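Have a look at the structure below before the remarks.
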Amino acid sequence: MYIILGYFAGFLGIALGFFIHFVILANQSSFGIPFFSPYIPYNTLSDNNNLHMKPVWKREKRSKILNTKKPQIEEHISMKWRKNGKQL
Amino acid sequence: MENNYKLGKVEAIAIILIVMINKLILNIPYYIVDLVGSGAIINLLYIGTIDFILLLVIIKLFKNFENSDILDVSEFLGGKILKNLIGFLCIALFFLVAFITLIDFSNVLHTIYFSNFPMVYILFFFILGVLIANIIGIKGISRTICFIVPFAIFSVIITFFTSFENLDIKDITPIIGKSYTNTFITGLSNCFSMYILVIYYFLKPLLKDVTSFKKVSIISFAISFILLMLTIVPMLTLFNTSSNSEPINSLFLLSRQIELGRFLQRIDALFIFLWIFAIFAYLSFIIFMINRIIKKIFPVSNEKMLSYSTCGILFGIALIPVNISHIHFIEDTLYRYLIIGFTFVLGIILLTLANFKKRKLQKNNIS
């Protein structure tokens with residue numbers, strides 16, 4: 001499709017094809033989750049299901065898209081014994 | 001076609017920014033600098049302050065009207081007659097905006113890249129993209145805008161920083177410009193550059209969280225103002241402000257000056273691709289707004305046919321001008337004063353009178 005559009009209208013045709021393709025994909029959703037989530041629409045709490053993931057000890061919140069009753073998985077400092085300097 | 005979709009905060013900010021970025025891509029910075037010369041910076045700070053005060057007034061006046069736009073307010077004030085009148089005016093305004101954008105940018109592409117292409121084909125490609133996007137719906141359009149805005153902002157910032165080395169203090173002097181009267185009195189008409197103020201009159205019912213209207217408005221206004229400043233400052237260094245010349249696409253000419261070593265040259269080709277994308281997104285949003293206003297005025301059963309009709313009307317209007325100088329004339333005169341008249345005069349009067357009426361009704365209810 002892009003080749004045909006490029007032949008007919010150069011990069012204007014390619015830009016048209018890319019725009020329409022992007023709009024169609026942006027409109028899609030998979031099991032209620034937008035196709036480009038969490039980047040578009042930007043979703044800060046979707047930390048555990050991402051291209052760049054935080055270390056395990058920093059994953060304190062559940063994904064916003066799950067709409068859970070308790071978004072907090074663990075406390076800010078879960079391993080209190082390490083903070084207090086007592087190692088078991 | 002989902003048109004009950006509500007915009008989130010980031011999507012709303014992105015939409016306002018794409019409106020501003022499209023104005024920067026076209027000739028708005030040129031018109032500002034052409035009118036006030038080297039006093040453009042002072043003039044911009046001056047009109048920015050006035051526009052910000054107007055924005056705060058709009059936010060305050062809309063507080064009593066939750067989930068309402070200017071059409072709902074005019075219906076509350078004057079019934080269906082006033083609503084229809086304001087609706088027709090808004091439709092005409094948005095059609096004018098879309099028509100100017102379409103012709104202007106198509107002319108740029110025709111001049112620079114597609115000299116052998118008939119202009120009709122370039123217009124047709126834009127209309128086709130806008131039509132398909134509107135058939136898909138605002139959800140796809142708003143998310144596409146969210147995607148393109150960071151790249152478009154990046155192009156403006158890169159253009160500014162690469163022209164920074166050519167910046168000379170002599171180019172921005174005299175800082176007051178041609179004269180005090182020219183910068184502060186005549187330069188007031190440059191308030192039209194913040195065309196985004198028109199969008200704020202329609203934004204509230206589109207938002208998912210109506211209480212975030214203030215936050216969204218202020219953040220988007222601030223970023224738009226910074227982008228306008230980042231385009232105006234390099235323009236002063238590059239172009240001769242003392243003589244009048246034909247309007248030129250300032251951002252494109254600024255991007256032509258970018259040279260990042262020997263590896264990256266002619267980066268304006270990449271920017272043109274981004275800006276075509278931005279124009280598509282912007283025109284799609286404008287047509288969506290036109291469709292929305294028409295649906296408020298008339299009982300429309302088939303939304304798809306409405307998109308076909310509005311896109312067809314826009315295509316027809318776009319074929320009327322024979323010469324690009326007609327467009328520049330319309331942009332410099334009719335468009336400028338229409339925007340100022342709508343945002344500063346009509347909108348404020350309607351909101352103020354509606355607020356008075358609401359307060360009177362509340363007093364009568366209490367008594």
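Naming: A, B, ... by sequence-line order, numbering from 1 per chain. Worth saying up front: this structure is predicted, and the values here are computed from it rather than measured.
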To the nearest 0.5 Å, how far apart are CG in A:N27 and CZ in B:R143?
7.5 Å

Hey, are the side chains of B:F126 and A:L16 touching, using non-hydrogen atoms and a 4.5 Å cut-off?
no

Mark yes when over 12 heavy atoms from residues, nucleotides or ligands other than B:K9 sit less than 6.0 Å from its NZ; otherwise mark no.
no

What part of A:F18 is in contact with chain B, defined as an atom under 4.5 angstrom from a non-hydrogen atom: side chain, backbone, both or neither?
both

Relative to chain A, which segment of B:I122 carries a heavy atom at a distance below 4.5 Å: side chain, backbone, both, or neither?
both

Can you tell me how the ring of A:F22 sits relative to the ring of B:F277, calling it parallel under 30°, perpendicular over 60° and tilted otherwise?
perpendicular

Which heavy atom in B:T144 sits nearest to a heavy atom in A:A26, and how many Å separate them?
OG1-CB, 4.2 Å

Less than 4.5 Å apart, side chain to side chain, heavy atoms only: is that true for B:F273 and A:I14?
yes

For B:Y113, is it the side chain, the backbone, both or neither that has a heavy atom under 4.5 Å from a heavy atom of chain A?
side chain

Distance (rounded to the nearest 0.5 Å) between A:L12 CG and B:I279 CD1:
11.5 Å

Determine whether A:F11 and B:I276 make a side-chain contact, defined as any pair of heavy atoms from C-beta on separated by less than 4.5 Å.
yes

Check this for me: B:F124, atom CZ, are more than 12 non-hydrogen atoms of other residues, nucleotides or ligands nearer than 6.0 Å?
no

Give, as side chain, backbone, both or neither, the part of B:A281 having an atom under 4.5 angstrom from any heavy atom of chain A.
both

Just so I know, are the side chains of B:S284 and A:F19 near enough to count as touching, which here means a heavy-atom distance under 4.5 Å?
yes

Show me the side-chain donor-acceptor pairs of residues 1-9 of chain A shorter than 3.5 Å, one per line, residues at least two apart or across chains.
{"from": "A:Y2", "atom 1": "OH", "to": "A:H21", "atom 2": "ND1", "distance (Å)": "2.9"}

Residues which pass side chain to side chain contact (heavy atoms under 4.5 Å, CB included) with B:V210, listed by chain and number, not counting sequence neighbours
B:E66, B:N67, B:K204

Do B:I132 and A:V23 have side-chain heavy atoms sitting under 4.5 Å apart?
no

With only heavy atoms counted, which part of A:I24 is less than 4.5 Å from chain B, the side chain, the backbone, both or neither?
both

